[in-house]
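Since the structure comes first, as structure tokens, the remarks are kept for the end.
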Amino acid sequence: MITLLSIYNKLLNKYGYQGWWPLIEHEGNNPTKTGSIKGYHVNDYSFPKNDFQRFEICIGVILTQNTNWVNVEKSLNNLYKNDFLSPEKIINNIEKVKELIKPSGYFNIKAGYLFNFSKFYLSLKARLPSRDELLSVKGIGKETADSILLYAYNQPIFVVDVYTKRIFNNLRIINSINYEEIRAFFENELPKDYRLFQEFHALIVEHAKNHYIKKPYGLNDFLV
DNA sequence: TTCCAGGCAATAC
DNA sequence: GTATTGCATGGA
């Protein structure tokens, strides 16, 4: 009997704690994996520590839509150096935002997304948003909403990305491309622990980068 | 040069 | 519900 928990443990044994979500406003306790951001916090789930870190995570989640994380780091550093990692600054000068986030691609579209989210974020007045509220913001789809809830608000919501679908369909553990169906499967099979969900999703991404980029996917996959 | 990257919205069936 | 397309930079 293959359980999701057994797969999680195999991934953890092989790749170790991933330290997600990386933060630039924090001296991490492990070396940077790629790029310039060193704020990976290995086996420490006490982040975000404050509202600044929470907002930074949300911005990073939006910028990394269909984009390499190293490119997102460049944009985050640009925003940080120019003191643009706040909703007030973002809604105040959208043209400057476009310039600063160019490295992470789709900069015209994403600047609009950051504007929409910043307006929404301010309207919350620091309270926890619901999933439906997040999904009502143009630019926030299912994966982005769930990533924000899981990593910025520590809510036990399982994030389903293209890698999750690729790996678990390939292993014949699921047979579905439906987002909500897959999310429900993981959330029902696993203990509802946000720390487990954060680590599991990060490990899925790491495993996919190693074995699920080039076809045939997962040849000799050690997970099963 | 080509391919890919921690998606989303709009559109067409 | 599912499939297709535009959005863009930068690294392998």
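No hydrogens, no waters, no symmetry mates; every other heavy atom, side chains included, goes into these values. Residue numbering restarts at 1 for every chain, and letters A, B, ... go by the order of the sequence lines. A quick note: this is a predicted structure, and the numbers were derived from the prediction, not measured.
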Return the value, rounded to whole Å, for the distance between atom [atom1] of [X] and atom [atom2] of [N].
| X | N | atom1 | atom2 | answer |
| --- | --- | --- | --- | --- |
| A:Glu143 | B:dA5 | CD | C1' | 12 Å |
| A:Leu114 | B:dG7 | CG | P | 16 Å |
| A:Lys110 | C:dA8 | NZ | P | 9 Å |
| A:Ile109 | C:dC7 | CD1 | P | 8 Å |
| A:Tyr106 | B:dC8 | OH | C1' | 10 Å |
| A:Lys138 | B:dA9 | NZ | C1' | 8 Å |
| A:Ile213 | B:dC4 | CD1 | P | 9 Å |
| A:Leu134 | B:dC8 | CG | P | 12 Å |

Check this one for me: any side-chain N or O of [X] less than 4.0 Å away from OP1 or OP2 of [N]?
| X | N | result |
| --- | --- | --- |
| A:Tyr113 | B:dA9 | no |
| A:Asn108 | C:dA8 | yes |
| A:Lys74 | C:dG11 | yes |

Report the distance from atom [atom1] of [X] to atom [atom2] of [Y], rounding to the nearest 0.5 Å.
| X | Y | atom1 | atom2 | result |
| --- | --- | --- | --- | --- |
| A:Leu149 | A:Arg131 | CG | CZ | 7.5 Å |
| A:Phe186 | A:Lys192 | CZ | NZ | 13.0 Å |
| A:Ile174 | A:Ile182 | CD1 | CD1 | 4.0 Å |

Heavy-atom side-chain proximity of A:Phe107 to A:Glu99 below 4.5 angstrom: no
Check: A:Phe55 and A:Ser118 side chains under 4.5 Å, non-hydrogen atoms: yes
Students often get this wrong, so: under 4.0 angstrom with heavy atoms, is [X] touching a base, only sugar-phosphate, or nothing?
| X | result |
| --- | --- |
| A:Val160 | nothing |
| A:Ile140 | sugar-phosphate |
| A:Thr144 | sugar-phosphate |
| A:Val72 | nothing |

Candidate list A:Tyr40, A:Phe47, A:Phe52, test ring pair (Phe, Tyr, Trp, His ring centres under 6.0 Å), partner A:His26, passing option: A:Phe47
Gap in Å between the two P atoms, one belonging to B:dA10 and one to C:dA8, rounded: 15 Å
Near-strand residues of residues 178-206 of chain A, defined as heavy-atom separation under 4.0 angstrom from DNA chain C: A:Asn178
5'-most by nearest nucleotide on DNA chain B - A:Lys209 or A:Leu135: A:Lys209
More than 12 heavy atoms of other groups within 6.0 Å of A:Lys119 NZ: no
